[in-house]
Asks: 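Mind having a look at this structure? Questions to follow.
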Amino acid sequence: MTIVLHRFPLSHYAEKARAALDFKGLEYRIEEHLPGPGQIAIYRLSGQRKLPVIEHDGAVVADSTEIALYLERTFPDRRRLLPEDPEERREVLALEAHLDDTLGKYAPRVWLRHALREDQYLDALGRALGSFGHAGLGALAAVVPLAEARVGAVQRRLDEAERAVRGALTDLCARLETSPYLVGDEPSLADIAAVSLVYPFKFPPSKHLFKPEVEGASVRSIAEDPALARFFDFRDRFYRDHLR
């Protein structure tokens, strides 16, 4: 049975699940959903409203990490997401969990803060989303800076998110100074988490983008920051070499 991946188009967690499917070399199809009324169908399917969710051979699995672990258990003969060495395996799982807690949690806030101030990126995303999406992004672009300027709590939360994201990416750059991958000499779930959880900061070359027009669009203040270049260069290579 072909695997069905249910996703929100801009979700970095959905991209993490999709990347795990790709890395394993599995066949799948994607069903797109939008937040709001579309989540009713997801609740009926999985008993909760969050995406990603996969369906496979009668099983319904939610959460990007649980999906990756399900794929590893169900398809052990396919390319491994987790090392066989117990120590490396623990390190991969610990790093993947840390990235979920930092990039996964905070990247959307940082993306919103920066993306809505970069006209070129905003225009590319607005065109891909259509007239309704373009108008909505334009409204956000006007409101978010005002809220940030006037409400100290908003400013503090965004600053906290930025520190967490930049700190995590800086740590990944340091790892890549001495190793071809984030844990050891072979790619793993840790790499998949890292490259996919920055998904909206720079849309990768992929036939599975929600709209092909967004390929290459980037939030330049993050994706082209020289201090983070080592990681984003690695991210581009990883998509080119290991994902579709």
Asks: Do the charged groups of Glu87 and Arg90 touch, with an N to O distance under 4.0 Å?
Replies: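 Arg90 and Glu87: not salt-bridged.
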Asks: Answer yes or no: is there a donor N or O on one side and an acceptor on the other, between the side chain of Arg235 and the main chain of Arg230, under 3.5 Å?
Replies: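 Not at all, since once roles are kept as given, no pair shorter than 3.5 Å links the two residues.
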Asks: Within 45° of the ring axis of Tyr121 and under 6.0 Å from its six-membered ring centre, is that where the NZ or CZ of Arg220 lies?
Replies: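 No - Arg220 does not lie over the ring of Tyr121 by the 6.0 Å and 45° rule.
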Asks: Under 3.5 Å, sequence neighbours excluded: what are the donor-acceptor pairs made by side chains of residues 50-60?
Replies:
unit_1: Glu55; atom_1: OE2; unit_2: His6; atom_2: NE2; d: 2.7
unit_1: His56; atom_1: ND1; unit_2: Tyr70; atom_2: OH; d: 2.7

Asks: With the 4.5 Å side-chain cut-off for hydrophobic clustering, are Val198 and Phe8 part of the same group?
Replies: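 No; Phe8 is not reachable from Val198 via cluster members.
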Asks: Is the CZ atom of Arg244 crowded by more than 12 outside heavy atoms at less than 6.0 Å?
Replies: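 Enclosed.
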Asks: Please lay out, stage by stage, how Arg175 and Glu91 fare under the test salt bridge (Lys or Arg N to Asp or Glu O under 4.0 Å).
Replies: CA-CA 13 Å; Arg175 281 179 175 266; Glu91 186 177 358; 3.2 Å; yes
Asks: Answer yes or no: are there more than 12 heavy-atom neighbours, outside Gln120 itself, under 6.0 Å from its atom CD?
Replies: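 12 or below, so no.
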Asks: I'd like to know if the side chain of His33 reaches the main chain of Gln39, judged simply by a donor and an acceptor atom lying under 3.5 Å from each other, with no hydrogens or angles considered.
Replies: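 No; judged by distance alone, with no hydrogens or angles, the pair does not exist.
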Asks: Tell me yes or no: between the side chains of Ser221 and Glu118, is some donor less than 3.5 Å from an acceptor?
Replies: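 Ser221 vs Glu118: donor-acceptor pair found between side chains.
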Asks: Would you say Glu72's side chain and Leu81's backbone share a donor-acceptor pair under 3.5 angstrom?
Replies: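 Yes, Glu72 side chain to Leu81 backbone: donor-acceptor pair under 3.5 Å.
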Asks: Can you find a side-chain donor-acceptor pair between Thr65 and Lys16 that sits under 3.5 Å?
Replies: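 The answer is yes; a qualifying pair exists.
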Asks: For Arg127 and Glu213: C-alpha separation, side-chain torsions, deciding distance, then whether salt bridge (Lys or Arg N to Asp or Glu O under 4.0 Å) applies.
Replies: CA-CA 8 Å; Arg127 288 194 301 272; Glu213 297 89 340; over 6 Å; no
Asks: Examine the side chains of Tyr13 and Arg7 and answer whether a donor and an acceptor come within less than 3.5 Å of each other.
Replies: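 No - no donor-acceptor pair under 3.5 Å links their side chains.
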Asks: Would you indicate whether Asp241, at its atom CG, is surrounded by more than 12 heavy atoms from other residues, nucleotides or ligands within a distance under 6.0 Å?
Replies: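 Count over threshold, so yes.
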Asks: Compute whether any side-chain donor of one residue and acceptor of the other, for His114 and Glu162, lie under 3.5 angstrom apart.
Replies: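 The criterion, which ignores hydrogens and geometry beyond distance, is satisfied for Glu162 and His114.
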